[in-house]
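Okay, structure first, notes after.
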Number of protein chains: 2
Amino acid sequence: MHSEVVASRSADQRDSRESRNGTPQLDAVSLAIIEQLQEDGRRPYAAIGKAVGLSEAAVRQRVQKLLDQGVMQIVAVTDPLTVGFRRQAMVGINVEGDVESVADALTAMSECEYVVMTAGSFDLMVEIVCEDDDHLLDVINKRIRALPGVRSTESFVYLKLKKQTYMWGTR
Amino acid sequence: MHSEVVASRSADQRDSRESRNGTPQLDAVSLAIIEQLQEDGRRPYAAIGKAVGLSEAAVRQRVQKLLDQGVMQIVAVTDPLTVGFRRQAMVGINVEGDVESVADALTAMSECEYVVMTAGSFDLMVEIVCEDDDHLLDVINKRIRALPGVRSTESFVYLKLKKQTYMWGTR
DNA sequence: CATCACTGCTGCGAAATCCGCAGGGTTCCG
DNA sequence: CGGAACCCTGCGGATTTCGCAGCAGTGATG
């Protein structure tokens with residue numbers, strides 16, 4: 001017990017501050033806490049504390065801070081199919097003019113689950129979650145293509161989701 | 001209070017069974033529970049019960065069942081950048097021969113966060129999460145392209161993640 | 001119609017967890 | 001040397017979780 005991270009606590013603490021790019025830097029203990037919560041988001045603080053070598057209260061404070069900072073969030077994730085969304089697609093988009101403003105417009109659409117600006121033959125890639133084919137068609141043809149600046153789109157309808165994990169940092 | 005779902009409980013219960021396609025069907029109450037947990041994965045059962053019109057114990061039993069069935073999971077999700085993964089990419093893949101076996105091989109790779117079989121000009125799309133450029137290059141050129149059956153790949157390196165939600169069912 | 005199995009909800013007490021707070025140690029300044 | 005900023009620990013009290021017994025509705029069976 002308490003075998004984990006004991007060395008040089010002072011150094012670890014220091015780099016939980018902001019780094020130059022504005023994103024908070026995480027020490028090994030916070031990373032270990034995140035790993036615990038990636039396995040089970042409801043794991044008790046005391047159990048986490050035992051695993052990472054910290055008291056219950058300390059874990060609680062760190063978790064709260066990570067949540068406040070937006071470093072992580074603890075949520076239920078579902079299989080879209082079982083929740084009634086039968087059609088999903090990835091859409092690659094090419095833009096003329098300001099990519100960011102198109103991205104913002106997409107972000108505002110509730111059907112867009114995932115919006116990312118990319119390098120390559122697409123400027124944007126968007127994941128769409130819909131209830132059925134009609135819905136999907138409507139979103140792609142009527143809403144996305146209608147956005148000012150959208151030059152072209154290419155769709156990849158999902159046939160089968162093989163893997164979906166949230167294990168960043170657990171490697 | 002208790003204003004939510006009171007009508008026809010018998011009907012609701014019935015369709016929490018399996019439907020023809022093997023995926024469990026969810027009633028309105030379970031959906032409401034999931035929505036609560038999508039807002040906060042650690043919300044107490046009693047609070048959820050108050051919101052959906054059920055007792056604490058009933059909520060607890062339903063949540064446990066949803067977890068057991070694999071309908072949802074409660075986990076911590078993070079911003080990859082703050083956890084030390086500085087390069088991400090979407091990779092479109094074309095396959096000759098058995099697509100499924102290639103998909104399985106990709107699924108087994110820890111760097112592949114997301115694997116989906118698609119219709120369109122790619123057979124597979126894969127999201128890769130890496131520590132740096134070298135790591136990314138290695139995964140794409142050495143590991144993915146080396147897979148038997150992989151005919152070609154096209155990469156889309158992430159420049160900026162604009163949106164990432166887990167709000168299925170919360171619409 | 002009686003009965004049995006099954007499922008899901010409720011209520012309740014005991015155990016475990018969460019929460020707020022006071023106190024102590026360390027580091028970093030002026 | 002103070003003082004401020006952090007982060008940790010320990011500790012009660014409030015809250016939550018947990019397991020279980022009991023009950024009601026449904027469907028199948030004879």
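Reminder, nothing fancy here: chain letters follow the sequence lines and each chain counts from 1.
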| said: From CZ of B:R43 over to P of C:dC18, roughly how many Å is that when rounded to an integer? | reply: 16 Å

| Is there a side-chain polar atom (N or O) of A:R42 under 4.0 Å from OP1 or OP2 of D:dT17? | yes

| message | Side chain of A:L54 only, heavy atoms from C-beta on: which candidate in C:dT10, C:dG8, D:dC8 is closest? | response | D:dC8

| request: Specify the separation, in whole Å, of atom CD1 of A:I33 and atom C1' of D:dC7. | output: 12 Å

| task | Not counting sequence neighbours, which residues clear side chain to side chain contact (heavy atoms under 4.5 Å, CB included) with A:A46? List them please. | result | A:E56

| Do A:L81 and A:M90 share a hydrophobic cluster (ILVMFWY, side-chain heavy atoms under 4.5 Å, transitive)? | no

| said: Expressed as a whole number of angstroms, how long is the span from B:D27:CG to C:dT7:P? | reply: 16 Å

| field | Minimum-distance nucleotide to A:R62 side chain [options: D:dC8, D:dC18, C:dC18] | value | D:dC8

| Given atom OH of B:Y45 and atom P of C:dC12, what is their separation to the nearest angstrom? | 21 Å

| request: Kindly say if B:K65 contacts the phosphate of C:dT7, meaning a side-chain N or O under 4.0 Å from OP1 or OP2. | output: no

| query | How far does CG of B:L66 sit from CD1 of B:I34, to the nearest 0.5 angstrom? | reply | 5.0 Å

| request: Using side-chain hydrogen bond (donor to acceptor under 3.5 Å, both in side chains) as the criterion, point out the one residue from A:R62, A:E35, A:K65 that pairs with A:S30. | output: A:R62

| Tell me: CG of A:D68 to P of D:dC6, nearest whole Å? | 14 Å

| note | Note: A:G41 and B:R42 closest approach over all heavy atoms is O-NE, 3.0 Å

| Knowing that exactly one of B:E127, B:K162, B:Q164 qualifies, which makes a side-chain hydrogen bond (donor to acceptor under 3.5 Å, both in side chains) with A:Y114? | B:E127

| remark: note: A:I48, atom CD1; D:dC8, atom P; distance rounded to Å ~ 14 Å

| said: Rounded to whole Å, please give me the gap between CG in B:L67 and C1' in D:dT17. | reply: 14 Å

| said: Between P on D:dT16 and CD on B:Q64, what's the gap in Å once rounded to a whole number? | reply: 19 Å

| request: Please say whether more than 12 non-hydrogen atoms of neighbouring residues, nucleotides or ligands are located less than 6.0 Å from CZ in A:R86. | output: no

Could you pull out the protein-nucleic contacts involving nucleotides 19-21 of chain D (nitrogen or oxygen on both sides, under 3.5 Å)?
| from | atom 1 | to | atom 2 | distance (Å) |
| --- | --- | --- | --- | --- |
| D:dG19 | N7 | B:R60 | NH1 | 3.2 |
| D:dG19 | O6 | B:R60 | NH2 | 3.1 |

